[in-house]
Amino acid sequence: MYEDSSSFIEGLRRLNMLQDSTPSLEKNLEKGKQRIYVGLDPTADSLHVGHLVSLFFLLRWYHWSERHDVLVVLGGATAMVGDPSGKHSERDLLVSEEVLENTEKMHDQIRGFFSLHGLTGSRIRVINNHEWWKEIGYLDFLRDIGKHFPLGYLLAKDTVRSRQKTGISFTEFSYSLMQAYDFLYLYKHHGVKIQAGGSDQWGNMTAGIDLIRRKEGKEVDALTFPLLTRQNGQKFGKTESGNLWLDGTKTSPYQMFHYVRNIDDEDLKIWQELLALPKKRGEKTNLDEPQPENLNTLKHDLACQVVSHVHGKTIAEGVAAASHLLFSRDGDFSKSGVFDILSKEIPYAECKIQEKDSLWKLISTVLDAPQGDKPFRSGGEARRLIQQGGLSINQVRVASVDDPLPTPYLDEYYLFRKGKKDFFLLKLI
């Protein structure tokens, strides 16, 4: 994608994807094959939307040059300790069985993400740092790692200084040393010379750089990119409320689409930059400042892009079509699974009616059904809503309880709209 290191780094700068980097990074990128690693701790059983910045960065790295490799390190060991970066209080410690289960699920997610984007083979590896930490004893840790870190050096780290008021345990205090050793191990055994990650990891990265210099006398590099945050500045993570998971059973593609579609206008440029991907080899991405008249279109396109990169193009098209049907009063029903998607996201029921039943008979049948959601609390509420002109079925406004039945979508679906944003889906069986 990029012919030399300066163009790759410049591309990151142009997208505001480069927060910090070592001074020697660009020079060392010219020295032949490079392997980069990003570490992800399995503190939950799914990746979240904040991890997309790391994954998208790795996609850009992979496509930059065919000689550069990607290594994702899952922190099966470090997750047992807990990274204090960006946290104002102590994390709840996970048990080993939970970490093991989380690691397996995240491993499958990461491999699935790369496969979705056509990235397979030996240039991409996913490993677990528990593989080497299980062989390290406590005395070995103190003698071989701890002795290289003066106490003053560690106390000066932002992660530690930010916790002076609330306190930090020795467990979390040791996290920076563990990540530093990860970098050393990966340098010695996997030829890794660059670490990348979110901006909150810079202190941990420089600890690894220093450890390699002290023990090996070698120069390695690191770079960070900004974090994807909420409007209040909080990063996405397991311990934050209202998280946006990449696992479709925890956050549905439809929910993901609408979260991104409804981000604040001021956040659009940041999301575009951090989640930007060139569409094909050799194509550079250069985003202009979003204009007010284009904001809705840009946010819709971004939402489609995010869902497509996580769940695939077909699902993204179906979600976009389902959303269009609800909020734009028309839609392409040929898109895959539109009504299956809606049946999981809005109140839904199934019922059997006669072919010539009237509209009011349809409403009464649904209200009398023993199972399923109801479009109204009672027949009286339905009548009042119709009299007030507040009910539409399949985009046709209902003027009277004596109106004929509109044509069902795909011969079996009726979509009730009550007011502007209250919906109900009925399937005929």
Side-chain angles (χ1 to χ4, degrees), residues 1-5 7-9 11-12 15 17-19 21-22 25-26 28-42 47-76 78 103-132 179 182-199 201 204-205 208-209 212 220-225 228 246 274-283 285 309-310:
M1 180 179 299
Y2 297 98
E3 296 178 356
D4 52 43
S5 62
S7 61
F8 177 73
I9 297 300
L12 296 180
L15 291 170
M17 283 191 69
L18 189 65
Q19 183 95 358
S21 64
T22 47
L25 176 63
E26 289 188 56
N28 289 336
L29 284 178
E30 300 288 356
K31 295 181 179 180
K33 182 175 180 178
Q34 299 284 349
R35 179 169 290 160
I36 197 169
Y37 102 88
V38 169
L40 303 174
D41 278 350
L47 298 166
H48 53 72
V49 71
H51 289 125
L52 284 180
V53 182
S54 296
L55 295 177
F56 281 21
F57 169 83
L58 292 176
L59 290 179
R60 297 181 69 84
W61 174 271
Y62 181 94
H63 286 305
W64 165 39
S65 172
E66 295 182 357
R67 66 184 181 181
H68 296 311
D69 294 349
V70 170
L71 189 64
V72 179
V73 178
L74 294 177
T78 42
T103 302
E104 292 174 348
K105 290 182 178 180
M106 285 183 62
H107 180 279
D108 292 342
Q109 267 191 322
I110 292 168
R111 297 303 309 188
F113 176 86
F114 286 134
S115 295
L116 181 64
H117 291 82
L119 277 63
T120 57
S122 60
R123 287 186 57 206
I124 292 182
R125 293 189 61 195
V126 183
I127 60 177
N128 183 356
N129 69 2
H130 189 264
E131 294 175 10
W132 54 89
Q179 186 167 324
D182 281 347
F183 201 173
L184 173 63
Y185 181 91
L186 294 168
Y187 170 81
K188 293 173 63 176
H189 297 275
H190 294 275
V192 174
K193 297 179 181 179
I194 305 172
Q195 182 180 179
S199 57
Q201 295 300 307
N204 296 332
M205 292 180 179
I209 292 172
I212 292 171
V220 292
D221 293 290
L223 66 92
T224 65
F225 30 77
L228 191 65
L246 304 193
L274 295 180
L275 302 183
L277 279 179
K279 296 180 180 179
K280 58 185 178 181
R281 184 178 295 275
E283 180 182 1
T285 302
H309 287 313
V310 175

Flag the pair [X] / [Y] as yes when at least one side-chain heavy-atom distance between them is below 4.5 Å, and no otherwise.
{"X": "F57", "Y": "L223", "answer": "yes"}
{"X": "L186", "Y": "I127", "answer": "yes"}
{"X": "Y62", "Y": "F114", "answer": "no"}
{"X": "Q34", "Y": "V192", "answer": "no"}
{"X": "V73", "Y": "L40", "answer": "no"}
{"X": "Y185", "Y": "H190", "answer": "yes"}
{"X": "F183", "Y": "I209", "answer": "yes"}
{"X": "L246", "Y": "H48", "answer": "no"}

Can you tell me how far [atom2] of [Y] sits from [atom1] of [X], rounded to the nearest 0.5 angstrom?
{"X": "L59", "Y": "L116", "atom1": "CG", "atom2": "CG", "value": "9.5 Å"}
{"X": "H117", "Y": "L58", "atom1": "NE2", "atom2": "CG", "value": "12.0 Å"}
{"X": "M106", "Y": "R111", "atom1": "CE", "atom2": "CZ", "value": "14.0 Å"}
{"X": "L18", "Y": "L25", "atom1": "CG", "atom2": "CG", "value": "7.5 Å"}
{"X": "L55", "Y": "R60", "atom1": "CG", "atom2": "CZ", "value": "14.0 Å"}

Margin query: side-chain contact (heavy atoms from CB on, under 4.5 Å), that's the test. Do H51 and V38 meet it? Break it down for me.
Written below: CA-CA 10 Å; H51 289 125; V38 169; over 6 Å; no
Notebook entry, point to check: Going through the distances and angles, do M205 and T224 end up as a side-chain contact (heavy atoms from CB on, under 4.5 Å)?
Noted result: CA-CA 9 Å; M205 292 180 179; T224 65; 3.6 Å; yes
Notebook entry, point to check: Does one side chain, of D41 or T78, offer a donor that lies under 3.5 Å from an acceptor on the other?
Noted result: yes
Item checked: No-hydrogen, no-angle side-chain donor-acceptor test under 3.5 Å, Q201 and N204 -> yes
Please name the pair of heavy atoms, one in [X] and one in [Y], separated by the smallest distance, quoted to 0.1 Å.
{"X": "L184", "Y": "I212", "answer": "CA-CG1, 3.8 Å"}
{"X": "A196", "Y": "I36", "answer": "CB-CD1, 3.7 Å"}
{"X": "G191", "Y": "R35", "answer": "O-CB, 4.0 Å"}
{"X": "Q19", "Y": "S199", "answer": "CG-CB, 3.8 Å"}
{"X": "G75", "Y": "P42", "answer": "O-CD, 3.2 Å"}
{"X": "L228", "Y": "V49", "answer": "CD2-O, 3.9 Å"}

With sequence neighbours left out, write down each residue that passes side chain to side chain donor-acceptor pair (under 3.5 Å) with [X], or none if nothing qualifies.
{"X": "D221", "answer": "T22, S24, N28"}
{"X": "Y187", "answer": "none"}
{"X": "S21", "answer": "none"}

Item checked: L29 and I9: CA distance, side-chain angles, deciding distance, side-chain contact (heavy atoms from CB on, under 4.5 Å) verdict -> CA-CA 10 Å; L29 284 178; I9 297 300; 4.1 Å; yes
Next item on the list: Could you label the plane-to-plane angle of the F56 and H309 rings as parallel, tilted or perpendicular, counting under 30° as parallel and over 60° as perpendicular?
Entry: perpendicular
Notebook entry, point to check: Is there a side chain to side chain donor-acceptor pair (under 3.5 Å) between D69 and W61 once you walk through the steps?
Noted result: CA-CA 8 Å; D69 294 349; W61 174 271; over 6 Å; no
Margin query: Assess the residue pair I110 and L74 against the criterion (side-chain contact (heavy atoms from CB on, under 4.5 Å)); give the C-alpha distance rounded to whole Å, side-chain angles, the decisive distance to 0.1 Å, and a yes or no.
Written below: CA-CA 10 Å; I110 292 168; L74 294 177; 3.7 Å; yes
